[in-house]
2 protein chains.
Amino acid sequence: MTLDIEPAEPRSRSDQIAQILEDQILTGRFSPGARLDEASLAEEHKVSRTPIREAFHRLAQSGLVVQQPRRGVFVRISSPVEILEMFEVMAELEAVCGRLAAKRATEAAIEELREVNAECHAACDAGDIDRYYLKNGVFHHLIYALSGNRFLEQEASRLHRRLKPYRRMQLFLRGRLQQSMDEHESIVEAISAGAPERAAELLRDHVAVQGEKFHHVMSHLEQQG
Amino acid sequence: MTLDIEPAEPRSRSDQIAQILEDQILTGRFSPGARLDEASLAEEHKVSRTPIREAFHRLAQSGLVVQQPRRGVFVRISSPVEILEMFEVMAELEAVCGRLAAKRATEAAIEELREVNAECHAACDAGDIDRYYLKNGVFHHLIYALSGNRFLEQEASRLHRRLKPYRRMQLFLRGRLQQSMDEHESIVEAISAGAPERAAELLRDHVAVQGEKFHHVMSHLEQQG
DNA sequence: GTCAACCTTTTCGTATACAAGAAGCATGAC
DNA sequence: GTCATGCTTCTTGTATACGAAAAGGTTGAC
């Protein structure tokens, strides 16, 4: 089974640029509220304004930026409330994926899930947060795929991608890595045992806790100024 | 409470055109697989190719069309399988909306839901499918809003819109209108009683049945050729 | 001194021109 | 007769040019 987390390899220059800009926004090069200037970006990427504009359209559609007519495009300011809302939806989507996966997954697919989880475990033991973050992503994407519903898989992946930066920050909280790992174990167990409701519950909590941790980090940051 | 189902009033010409094309695709002017020609559409709408291309980008992003590099854009062929998958996700999303609505909705909001449902009832009694279809849409959007999660509301609305044409066709099945109405009654009751799990179950089934009915219609059509 | 109006500047939205790649057809060779 | 290759044509992708609208500054009047 191939995973193709990023199925659409960029074809045109504008698609490539959209990808690059998306990454830059998600990784924080452009802070929320910042204005993206067509002209300077065009110059930077050595293209005309047209591909930049096409890239902007893609970003606007996926909700990363907002376009104000005759004003420009701005990196969308996601309020903490909105992010918590997204985590709530993500939790529910993952719960559905887990429920379906427990019902539909083949033995071979579950074996693959176990292997990926083992890699998570290795990264966790090594204290390698970057690696855990990466393998954790693969783990979740695999569960999306195991739902047997391609559309659900895509939607879950989309939201996962959108929440990327907020997922990551909470891994640095003390003890979260190990806790997350333990939750993984239970999830694999539930899916492998063919327990749909249990898998759903576990996944919902696993993701919901991330939302709570995010909230935790946020209020901590606000206290510090 | 304002509903603003279609919040984004079109600003630029390209946005207007995207809206028009979207409607035309959803209502079947362009059949699945058909190629959308930039030049002829530009001529038809009395604009240059640029706004047409921008419109295409919007459509591609919302999944209505696919862009093949150097080939053109084609109306996406949604296979019956894919549509069933979308209904499955829709059912789950609505279930979540219902669960949250039952937990969070205020008495005033529930009263509004009752009123909209009464309008559905009136349309149903009058046998006015068009009107029922319209009011049914309002009913469901209201439940999305009642979830208290704006992001969830938007995502549900998006998918609802995408499934528009397939929802509609199954209303013509004998007895489906009355059945749908009965389900509405139970749903309102569950939300009003503050029974989250029951509301979730009812909504999931209510939507899932639409997927099944769609399947029913499809196989019927295939038999006839 | 303050407020308003006008002008300038900037930037977006659209049009058009040009280049590059793909598909289809025709022609020639085997 | 069939297949392959090359050319033509069509269409997309990108660049550039132009028009329009909004923001901000400056100037003038009160």
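Note that the structure is a prediction, hence the values are computed from the model and not measured. Residue numbers begin at 1 in each chain, while the letters A, B, ... track the order of the sequences.
There is a side-chain donor-acceptor pair under 3.5 Å between B/Y144 and B/E94. At a cut-off of 3.5 Å, with distance as the only test, no side-chain donor of A/H45 or A/R13 sits close to an acceptor on the other residue.
Taking 4.0 Å as the cut-off between side-chain N and carboxylate O, A/E44 and A/R29 count as a salt-bridged pair. Between A/D37 and A/R71 there is no salt bridge, since no side-chain nitrogen of the basic residue lies less than 4.0 Å from a carboxylate oxygen of the acidic one. Ion pairing between B/R204 and B/E88 fails under the 4.0 Å rule for side-chain N and carboxylate O. Taking the charged nitrogens against the carboxylate oxygens, A/R53 and A/E38 do have a contact shorter than 4.0 Å, which makes a salt bridge.
Of the candidates D/dT12, D/dA15, D/dA17, the closest approach to any side-chain atom of A/R49 belongs to D/dA17. Of the candidate nucleotides D/dC18, D/dA15, D/dT12, D/dA15 has the atom nearest to the side chain of A/P51. In this structure, the nucleotide among D/dT11, D/dG13, D/dA23 sitting nearest to the side chain of B/R35 is D/dT11.
Atom CD1 of A/I52 and atom P of D/dT14 are 11 Å apart (whole Å). Computed from coordinates, the B/D37 CG to D/dC10 P distance equals 12 Å when rounded to whole Å. If you measure from atom CD of B/E43 to atom C1' of D/dT11, you get 15 Å, rounded to the nearest angstrom. Spacing between atom CG of B/L41 and atom C1' of D/dT11 amounts to 14 Å, rounded to whole angstrom units. Spacing between atom CD of A/E54 and atom P of D/dT16 amounts to 15 Å, rounded to whole angstrom units.
A 4.0 Å heavy-atom criterion places the boundary nucleotides of DNA chain C facing chain B at C/dT14 to C/dA23, written 5' to 3'.
Nearest-nucleotide positions on DNA chain D for B/A39 and A/V47 put B/A39 closer to the 5' end. The residue among A/R71 and A/S14 whose nearest nucleotide of DNA chain D lies closer to the 5′ end is A/S14.
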Inset, instruction - Take A/V75 and A/L64 through the side chain to side chain contact (heavy atoms under 4.5 Å, CB included) test and state the conclusion after the steps. - result: CA-CA 6 Å; A/V75 178; A/L64 276 170; over 6 Å; no
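Within the structure, a side-chain polar atom (N or O) of B/R53 is placed less than 4.0 Å from OP1 or OP2 of D/dG13.
A/E38 comes within 4.0 angstrom of the backbone, heavy atoms only, and of no base.
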